[in-house]
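For reference, the structure discussed in these notes is given below.
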Amino acid sequence: TAAEIASERLNIEIINRAKFGCTAPEGLELMEREIEGGARCDTALIEFGGNDCNFDWQAISDRPDDVHSPVTPPEEYQKSMRAMVKRLLKQGIRPVLMTLPPIDAERYFRYLVGDKLNRDNILRWLGDVQQIYRYQEMYSLLVERIAREFSIRLIDLRSRCLAERNFFRDMLCEDGLHLTEEGQRFVGEQIAQLVEQEQREAG
């Protein structure tokens with residue numbers, strides 16, 4: 001995984017508490033349990049948003065003219081992210097935020113529609129397929145905002161991914177969301193490079 005690659009390159013121990021499908025509110029609960037259970041570390045890397053910005057696509061497919069909210073609405077997302085940062089600072093643990101790796105909206109749209117959902121209804125609700133990308137990007141921008149609010153370190157993974165010419169071609173799975181093995185290697189290397197850059201700047 002990307003975490004293992006970064007850990008090996010930086011020669012540090014990384015305890016990976018990532019959980020498939022986890023949202024920011026769930027991450028906050030997990031963090032509280034870890035801290036209350038006596039977990040100790042120097043730094044905590046926080047990266048949520050991909051699952052938070054998702055929608056109930058079946059509901060949209062069935063009722064495209066209704067109002068639909070994401071799994072975690074933006075305000076609730078920010079509230080949970082801020083709470084995580086505050087909890088870590090209170091605990092004497094350094095919080096580091098990371099922007100979201102980009103997604104391929106067209107591939108994801110094909111994947112989510114498959115042969116079960118109503119393509120035209122979902123597209124009518126979206127307006128256009130790229131709205132999926134733009135909405136996910138908004139959550140990544142919220143991460144940047146929170147990092148500025150607290151004046152804490154931000155690892156801008158998204159910019160590194162967008163600058164890589166082959167990222168969308170070779171490093172995303174068919175669902176347009178998850179990383180391929182090559183993508184995991186790339187992301188792990190980028191995280192390590194960004195940490196090394198920070199260490200050099202800190203002096």
- Item | Arg9 side chain vs Ala192 backbone, donor-acceptor pair below 3.5 Å | no

- Hydrophobic cluster identity match, Ile5 and Met171, side-chain contacts under 4.5 Å: no

- Hey, does the side chain of Thr180 reach the backbone of Asp170 with a donor-acceptor pair shorter than 3.5 angstrom? yes

- Query: Between His68 and Trp57, is there a donor-acceptor pair closer than 3.5 Å when you use the side chain of the first and the backbone of the second?
  - Reply: no

- Message: Are Ile46 and Val71 connected into the same hydrophobic cluster when the rule is that any two of I, L, V, M, F, W, Y join if their side-chain heavy atoms are below 4.5 Å apart?
- Response: no

- Euclidean distance, Gln190 CD relative to Met98 CE, rounded to 0.5 Å: 11.5 Å

- Any cation-pi pair here, Arg107 with Tyr133, using under 6.0 Å and within 45°? no

- Item | Common cluster, Ile15/Leu88, ILVMFWY with side-chain heavy-atom separation under 4.5 Å | no

- To the nearest 0.5 Å, what is the distance between CD (Glu137) and SG (Cys53)? 11.0 Å

- Task: State, to 0.1 Å, how close Phe150 and Leu89 come at their nearest heavy-atom pair, and which atoms those are.
- Result: CD2-CD1, 4.2 Å

- Query: Between Tyr108 and His178, does the ring centroid distance fall short of 6.0 Å?
  - Reply: no

- Message: Test your reading of the model: is there a side-chain donor-acceptor pair from Glu189 to the backbone of Phe186, 3.5 Å cut-off?
- Response: no

- Message: I want to check something: taking the side chain as every heavy atom from C-beta on, are Ile60 and Asp56 in contact at a cut-off of under 4.5 Å?
- Response: no

- Item | Phe48 versus Gly27, closest heavy-atom pair with distance | CZ-CA, 3.6 Å

- Do we see a donor-acceptor contact under 3.5 Å between the side chains of Asp104 and Tyr111? no

- Query: How close do Asp120 and Asn118 get, heavy atom to heavy atom, and via which atoms?
  - Reply: N-OD1, 3.1 Å

- Message: Does any part of the side chain of Met81, heavy atoms only, come nearer than 4.5 Å to the side chain of Leu97, both counted from C-beta?
- Response: yes

- Does Arg119 reach the side chain of Arg110, with side-chain heavy atoms less than 4.5 Å apart? no

- Tell me, do Arg87 and Ile93 make a side-chain contact under 4.5 Å, heavy atoms counted? no

- Side chains of Asp52 and Thr72: do they bring a donor and an acceptor to under 3.5 Å? yes

- Task: Answer yes if Ile152 and Ile35 sit in the same cluster of Ile, Leu, Val, Met, Phe, Trp and Tyr residues linked by side chain heavy atoms under 4.5 Å apart, and no otherwise.
- Result: yes

- Note on the structure: residues 75-84 vs salt bridge (charged side-chain N to carboxylate O under 4.0 Å, His left out), sequence neighbours excluded, gives Arg82-Glu149

- Say whether, by atom type as modelled, one donor and one acceptor occur between the side chain of Ser7 and the main chain of Ile12 under 3.5 angstrom. yes

- Single-linkage hydrophobic cluster Ile132~Leu162, side-chain heavy atoms < 4.5 angstrom: yes

- Message: If I take atom CD from residue Gln184 and atom CG from residue Leu179, how far apart are they, to the nearest 0.5 angstrom?
- Response: 5.0 Å

- For residues Pro95 and Met84, determine if any side-chain heavy atom of one lies less than 4.5 Å from a side-chain heavy atom of the other. no

- Message: More than 12 heavy atoms of other residues, nucleotides or ligands under 6.0 Å from CG of Asp66: yes or no?
- Response: yes

- Task: Quick one: which residue pairs count as a side-chain hydrogen bond (donor to acceptor under 3.5 Å, both in side chains) with a foot in residues 38-49, not counting sequence neighbours?
- Result: none

- Asn166 and Glu164: side chain to side chain contact (heavy atoms under 4.5 Å, CB included), yes or no, with the steps? CA-CA 6 Å; Asn166 297 326; Glu164 174 56 42; 3.9 Å; yes

- Message: Applying side chain to side chain contact (heavy atoms under 4.5 Å, CB included) to Ile122 and Leu112, what does each step give before you reach the verdict?
- Response: CA-CA 10 Å; Ile122 293 176; Leu112 77 89; 3.7 Å; yes

- Query: Got more than 12 heavy atoms from elsewhere within 6.0 Å of CD, Glu8?
  - Reply: no

- Side chains of Arg158 and Gln136: closer than 4.5 Å at any heavy-atom pair? yes

- Query: What heavy-atom pair brings Ala3 and Ile14 nearest, and what distance separates the two atoms?
  - Reply: O-CD1, 3.5 Å

- Query: Taking atom CD1 of Ile146 and atom CD of Gln78, what is their separation to the nearest 0.5 Å?
  - Reply: 5.0 Å

- Where do Gly21 and Glu26 come nearest, in terms of heavy atoms and distance? O-OE1, 3.7 Å

- Task: Classify the ring geometry between Tyr139 and Tyr77 as parallel (under 30°), tilted (30 to 60°) or perpendicular (over 60°).
- Result: tilted

- Query: Strictly under 6.0 Å, is that where the ring centroids of Tyr135 and Phe55 end up?
  - Reply: yes

- Query: If you draw a 6.0 Å radius around CD in Gln58, do more than 12 non-hydrogen atoms from other residues or ligands fall strictly inside?
  - Reply: yes

- Within-4.5 Å side-chain heavy-atom neighbours: Val67 and Trp125: no

- Item | Residue from Leu194, Thr99, Ile191, Ile155 passing side chain to side chain contact (heavy atoms under 4.5 Å, CB included) with Arg160 | Leu194

- Rounded to the nearest 0.5 Å, how far apart are CZ of Arg124 and CG of Asp128? 15.5 Å

- Query: Is any side-chain heavy atom of Glu32 closer than 4.5 Å to a side-chain heavy atom of Glu29?
  - Reply: no

- From Glu182 atom CD to Phe167 atom CZ, the distance as rounded to the nearest 0.5 Å: 10.5 Å

